[in-house]
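What follows is a short report on a single structure.
Numbers restart at 1 for each chain; the letters A, B, ... are given by sequence-line order, proteins then strands. Bear in mind the structure is a predicted one, so any value in this text is a computation, not a measurement.
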Number of protein chains: 2
Amino acid sequence: MGLPVDTIIEGDCLEALKKLPDRSVDLVFADPPYNLQLGGDLLRPDNSKVDAVDDHWDQFESFEAYDAFTRAWLKECRRVLKDDGAIWVIGSYHNIFRVGVAVQDLGFWILNDIVWRKSNPMPNFKGTRFTNAHETLIWASKSRGGRRYTFNYDAMKMANDELQMRSDWTLPLCTGDERLKDGSGAKAHPTQKPEALLHRVILASTKPGDVILDPFFGTGTTGAVARRLGRKFVGIEREAEYAALARKRIAQVTPATADEMAVTGSKRAEPRVPFGTILEAGLLRPGDVLYCPKGRNAARVRADGSLVVGEVSGSIHKVGALVQSAPACNGWTYWHFKSDKGLAPIDVLRAKVRSQLPA
Amino acid sequence: MGLPVDTIIEGDCLEALKKLPDRSVDLVFADPPYNLQLGGDLLRPDNSKVDAVDDHWDQFESFEAYDAFTRAWLKECRRVLKDDGAIWVIGSYHNIFRVGVAVQDLGFWILNDIVWRKSNPMPNFKGTRFTNAHETLIWASKSRGGRRYTFNYDAMKMANDELQMRSDWTLPLCTGDERLKDGSGAKAHPTQKPEALLHRVILASTKPGDVILDPFFGTGTTGAVARRLGRKFVGIEREAEYAALARKRIAQVTPATADEMAVTGSKRAEPRVPFGTILEAGLLRPGDVLYCPKGRNAARVRADGSLVVGEVSGSIHKVGALVQSAPACNGWTYWHFKSDKGLAPIDVLRAKVRSQLPA
DNA sequence: CCCAGGCTTGAATCCCGAT
DNA sequence: CATCGGGATTCAAGCCTGG
């Protein structure tokens with residue numbers, strides 16, 4: 001059987017993969033189940049319920065079962081890849097370590113791990129952990145030192161304001177009109193990926209006309225972006241509903257002219273510098289004293305970047321407002337530290353930290 | 001043998017770990033060998049040679065050998081951890097996936113993976129990949145649903161300008177004066193971590209006085225920051241040179257006072273004030289009426305601190321939940337009393353009582 | 001038509017001490 | 001160890017509604 005290009009194969013991922021010919025695709029992009037292992041319901045502070053990913057396809061009996069599944073589909077993907085091909089897999093801390101080990105053990109050669117920093121992640125509602133604000137992608141060639149993989153270095157550099165593209169990408173979640181809805185207006189797929197992410201992946205690691213295989217096609221983000229960028233795709237999807245939506249979606253895509261392929265700009269976030277960073281950088285130490293411009297009011301710095309005056313504590317802004325009985329206060333310009341040249345605003349420390357951050 | 005606190009144990013990591021007592025440390029921070037599999041020398045565009053990590057301690061024969069080593073030291077660390085303890089491990093894509101799987105397989109429970117975004121990474125000189133601009137840390141508790149790990153949520157939030165701290169941390173590499181040099185002015189250790197990174201780790205996940213074990217102590221960044229923040233450490237280091245440098249470095253650190261170590265505390269830790277106390281203090285009287293924020297629902301206060309609405313009575317929380325048909329409710333913020341300035345939440349009365357409690 | 005303010009939502013391993 | 005119940009907990013975007 002030849003390779004069924006620009007087609008969605010409906011059915012089990014493994015069985016479908018086994019029917020594809022050896023060395024026939026240029027790139028694999030895979031967004032497998034994450035095996036989340038969630039507990040009970042999670043309520044927001046306003047008591048609304050978080051719409052959890054509790055679909056049957058994300059349930060595995062054990063790590064062993066997940067590993068076996070992972071190795072099986074990865075092995076087939078490797079067989080189907082051309083010798084100069086490469087693979088991308090996306091995941092979270094729940095599964096990505098297991099995926100990474102399988103990738104290495106099967107003989108792939110990791111080129112980068114990429115961090116997708118979400119500009120608008122869901123917060124940690126209960127205050128129990130750090131906000132889980134990123135996902136991880138692994139990019140690997142078929143083998144170490146084999147035939148050369150594709151990397152469009154200059155296109156990536158161009159897309160990043162002429163600086164080398166880094167391993168951390170800041171992109172928003174898939175929301176708004178881009179997010180596919182079902183008949184009732186609810187999201188059609190629980191984990192639809194943003195097209196911007198696929199845009200960067202495909203632009204970085206394929207050439208026009210290349211064939212991209214996505215064994216967990218879902219609602220077809222890979223196919224839609226591939227088509228828009230003048231690449232071909234092969235999708236595998238078990239759920240008929242998702243496949244139908246994907247077909248409709250891809251049919252609406254107009255392939256871009258060479259012209260239009262230029263850049264989706266990378267939103268560069270303001271380098272906000274929290275006051276706590278000043279302490280981490282060692283520019284101030286816990287216990288140091290800050291003064292108001294005239295040196296009258298004094299406050300003590302704590303290790304977490306809060307200030308203390310008498311009984312009250314809070315951020316540099318809050319405490320600054322408080323000691324002045326003002327409605328608000330810019331702590332960066334109000335508070336001063338003692339330097340060898342007398343009192344200086346802590347804003348100069350922020351400037352020092354900023355000068356070490358990427359633009 | 002007891003736990004040798006604020007000490008560097010010179011010797012093999014595994015042998016030393018085996019001598020430490022069960023359930024004796026609060027936190028493990030580990031920066032193990034990354035098992036970098038470098039090819040030949042790497043040259044910069046100007047033909048200067050990149051100073052690679054090619055130390056013998058970073059060489060392993062195979063993935064299997066690295067896995068066996070990883071599991072061995074992780075297993076000992078888990079034994080040595082208290083039941084409410086936690087572990088941090090830092091690595092790059094070369095090893096972090098293998099570490100992560102070992103962590104999961106040994107029964108640790110991953111809490112977050114944290115991305116350290118380097119603000120000043122080494123560029124990719126060959127233009128063959130994305131600039132490798134981050135490393136990954138895994139934070140895991142000793143077991144799933146075991147005794148509660150330490151997370152100073154409020155301190156982290158304060159250190160991040162009152163926004164939840166996210167899983168991506170932007171920090172510069174260890175350079176300048178902080179970077180230890182050997183006699184000839186070359187860097188003393190190839191992978192010295194920045195103190196800012198340890199500052200955040202330790203502030204987030206330990207309490208003052210806690211003991212932090214670092215089985216790959218190197219030049220003692222963990223020890224130096226632990227000492228500065230009023231924590232204790234146990235370091236294990238095989239290379240006598242590194243250990244000597246670490247000792248000298250740590251001796252120069254001035255520990256923070258208890259005062260200086262204090263950070264923003266959590267509300268959960270504040271003393272409980274039963275609602276009845278508000279009545280006992282005369283701040284409200286039996287028969288007074290409380291209102292929901294918009295003034296629509298009203299409830300009558302009884303002498304024992306219960307509320308009555310129509311036929312039902314109960315705690316401020318229960319009745320609050322009931323009148324809203326909500327699964328839960330914080331009565332302190334939901335119910336309001338009539339003051340001369342309009343409706344005010346009864347939480348201000350609790351604050352009044354708390355401020356009069358003995359320290 | 002625009003703007004301000006409110007509502008909704010996103011791959012989430014999401015409370016904790018007292019009894 | 002399970003249960004009970006007090007009461008703590010959210011950020012950025014996009015969409016909608018009302019003025």
Legend entry - Options D:dT10, C:dA11, C:dG10, nucleotide nearest the side-chain atoms of A:Arg44: C:dG10
Inset, instruction - Kindly say if B:Arg148 contacts the phosphate of C:dC16, meaning a side-chain N or O under 4.0 Å from OP1 or OP2. - result: yes
Legend entry - Nearest-Å distance once atom C1' is located in both C:dG6 and D:dT10: 16 Å
Legend entry - Side chain of A:Val50 - closest among C:dA12, D:dA8, D:dT10: C:dA12
Legend entry - Interatomic distance where CH2 belongs to B:Trp139 and C1' belongs to C:dA12 [whole Å]: 14 Å
Inset, instruction - Could you tell me whether A:Asp58 contacts a base, only the sugar-phosphate backbone, or nothing, with contacts defined as non-hydrogen atoms closer than 4.0 Å? - result: base
Inset, instruction - Tell me whether the OP1 or OP2 atom of C:dG10 has a side-chain N or O from A:Lys187 closer than 4.0 Å. - result: yes
Inset, instruction - Could you check A:Arg129 against A:Asn120 and say which one's nearest nucleotide on DNA chain C is further toward the 5' end? - result: A:Asn120
Legend entry - Geometric cation-pi criterion A:Arg200 and A:Trp169, 6.0 Å radius, 45° cone: yes
Legend entry - Nearest-Å distance for atom pair CG/P, residues B:Asp113 and C:dA12: 14 Å
Legend entry - Gap between atoms CZ and C1', on B:Arg166 and D:dC11 respectively (whole Å): 9 Å
Legend entry - D:dG6 OP1/OP2 closer than 4.0 Å to side-chain N/O of B:Ser315: yes
Legend entry - C:dT13 and D:dC4, which share atom name P, separated by this distance in whole Å: 28 Å
Legend entry - NZ/NE/NH1/NH2 to OD/OE distance under 4.0 Å, B:Asp154 and B:Lys157: no
Inset, instruction - Could you check whether A:Pro32 gets within reach of a base, just the sugar-phosphate, or nothing at all, counting any heavy atom under 4.0 Å? - result: base
Inset, instruction - Identify whether any heavy atom of A:Ser92 sits under 4.0 Å from a base atom; if not, whether one sits that close to sugar-phosphate; answer base, sugar-phosphate or nothing. - result: nothing
Inset, instruction - Check every strand shown and say whether A:Asp31 touches a base, only sugar-phosphate, or nothing at a heavy-atom separation below 4.0 Å. - result: base
Inset, instruction - Looking at every strand, decide which applies to B:Ile110 at a 4.0 Å heavy-atom threshold: base, sugar-phosphate, or nothing. - result: base
Inset, instruction - Identify, between A:Thr131 and B:Pro274, the residue whose nearest nucleotide on DNA chain D lies closer to the 5' end. - result: B:Pro274
Inset, instruction - Just call it for A:Lys49: base, sugar-phosphate, or nothing, with non-hydrogen atoms closer than 4.0 Å on any strand. - result: nothing
Legend entry - N/O donor-acceptor pair under 3.5 Å between A:Tyr93 side chain and B:Gly100 backbone: no
Legend entry - Ring-base stacking, A:Phe125 with C:dC14 (5.5 Å, 30° cut-offs): no
Legend entry - B:Ser167 side chain to A:Thr131 backbone, donor-acceptor under 3.5 Å: yes
Legend entry - Distance, rounded to the nearest Å, where A:His94 contributes NE2 and C:dA12 contributes P: 9 Å
Inset, instruction - Sticking with atom P, work out how far D:dT9 lies from C:dT9, rounded to a whole angstrom. - result: 25 Å
Inset, instruction - Check every strand shown and say whether B:Ser266 touches a base, only sugar-phosphate, or nothing at a heavy-atom separation below 4.0 Å. - result: nothing
Legend entry - First encountered from the 5' end of DNA chain C, between A:Gly127 and A:His189: A:His189
Legend entry - Same-atom distance (P) from C:dA12 to D:dA8, integer angstrom: 26 Å
Inset, instruction - Compare the minimum distances between each of D:dT9, C:dA12, C:dG10 and the side chain of B:Lys267, then state the nucleotide with the smallest one. - result: D:dT9
Legend entry - salt bridge (Lys or Arg N to Asp or Glu O under 4.0 Å) partner of B:Asp84, chosen from B:Arg23, B:Arg147, B:Lys142: B:Arg147
Inset, instruction - Could you tell me whether the phosphate oxygens of C:dC16, OP1 or OP2, come under 4.0 Å of any side-chain nitrogen or oxygen in B:Tyr149? - result: no
Inset, instruction - Spell out, as yes or no, whether a donor-acceptor pair under 3.5 Å connects the side chain of B:His336 to the backbone of B:Tyr334. - result: yes
Legend entry - Euclidean distance for P, D:dG7 against C:dC14 (whole angstrom): 24 Å
Inset, instruction - Determine the contact category for B:Cys329: base if any of its heavy atoms lies under 4.0 Å from a base atom, sugar-phosphate if only primed atoms, P, OP1 or OP2 are that close, otherwise nothing. - result: base
Legend entry - Nearest-angstrom distance from the residue atom CE of B:Met165 to P of D:dA12: 14 Å
Legend entry - Sidechain N-carboxylate O distance under 4.0 Å for A:Arg98, B:Asp105: yes
Inset, instruction - Give the rounded distance in Å between these two atoms: CZ of B:Arg147 and C1' of C:dC16. - result: 12 Å
Legend entry - Glycosidic conformation of C:dT8, taking syn as within 90° of 0 and anti otherwise: anti
Legend entry - Distance, rounded to the nearest Å, where A:Asn124 contributes CG and C:dT13 contributes P: 7 Å
Legend entry - Side-chain donor/acceptor of A:Lys193 to backbone N/O of A:Thr191, under 3.5 Å: yes
Legend entry - Sugar-phosphate only, base, or nothing, as touched by A:Pro121 at under 4.0 Å among non-hydrogen atoms: base
Inset, instruction - Would you mind classifying the nucleic acid contact of B:Gln164 as base, sugar-phosphate or nothing, using non-hydrogen atoms under 4.0 angstrom? - result: sugar-phosphate
Inset, instruction - For A:Asn132, answer base if it contacts any base atom (sugar-phosphate contacts may also be present), sugar-phosphate if it contacts only those atoms, and nothing otherwise; contact means non-hydrogen atoms under 4.0 Å. - result: sugar-phosphate
Inset, instruction - Could you check whether A:Leu42 gets within reach of a base, just the sugar-phosphate, or nothing at all, counting any heavy atom under 4.0 Å? - result: base
Inset, instruction - Look at the side-chain N and O atoms of B:Asn330 and state whether any lies under 4.0 Å from the OP1 or OP2 oxygen of D:dA8. - result: yes
Inset, instruction - Verify the ring-centre separation between B:Trp139 and B:Phe151: is it less than 6.0 angstrom? - result: yes
Inset, instruction - Using a cut-off of strictly less than 4.0 Å, decide whether B:His317 has a side-chain nitrogen or oxygen near OP1 or OP2 of D:dG7. - result: yes
Legend entry - Sugar-phosphate only, base, or nothing, as touched by A:Gly185 at under 4.0 Å among non-hydrogen atoms: nothing
Inset, instruction - Please work out if B:Arg144 contacts a base, only the sugar-phosphate, or nothing of the nucleic acid, heavy-atom cut-off 4.0 Å. - result: nothing
Inset, instruction - Report yes or no: is there a donor-acceptor pair, N or O only, under 3.5 Å between the side chain of B:Arg350 and the base of D:dG7? - result: no
Inset, instruction - Starting at atom CG of B:Leu163, determine the distance to atom P of D:dC11, rounded to an integer number of angstrom. - result: 6 Å
Inset, instruction - Identify which nucleotide among D:dG7, C:dT13, C:dC15 has an atom closest to any side-chain atom of A:Lys126, counting heavy atoms from C-beta outward. - result: C:dC15
Inset, instruction - Please state the C1' separation for the pair C:dA11 and D:dC15 - nearest whole angstrom. - result: 23 Å
Legend entry - Any A:Arg179 side-chain N or O less than 4.0 Å from OP1/OP2 of C:dA11: yes
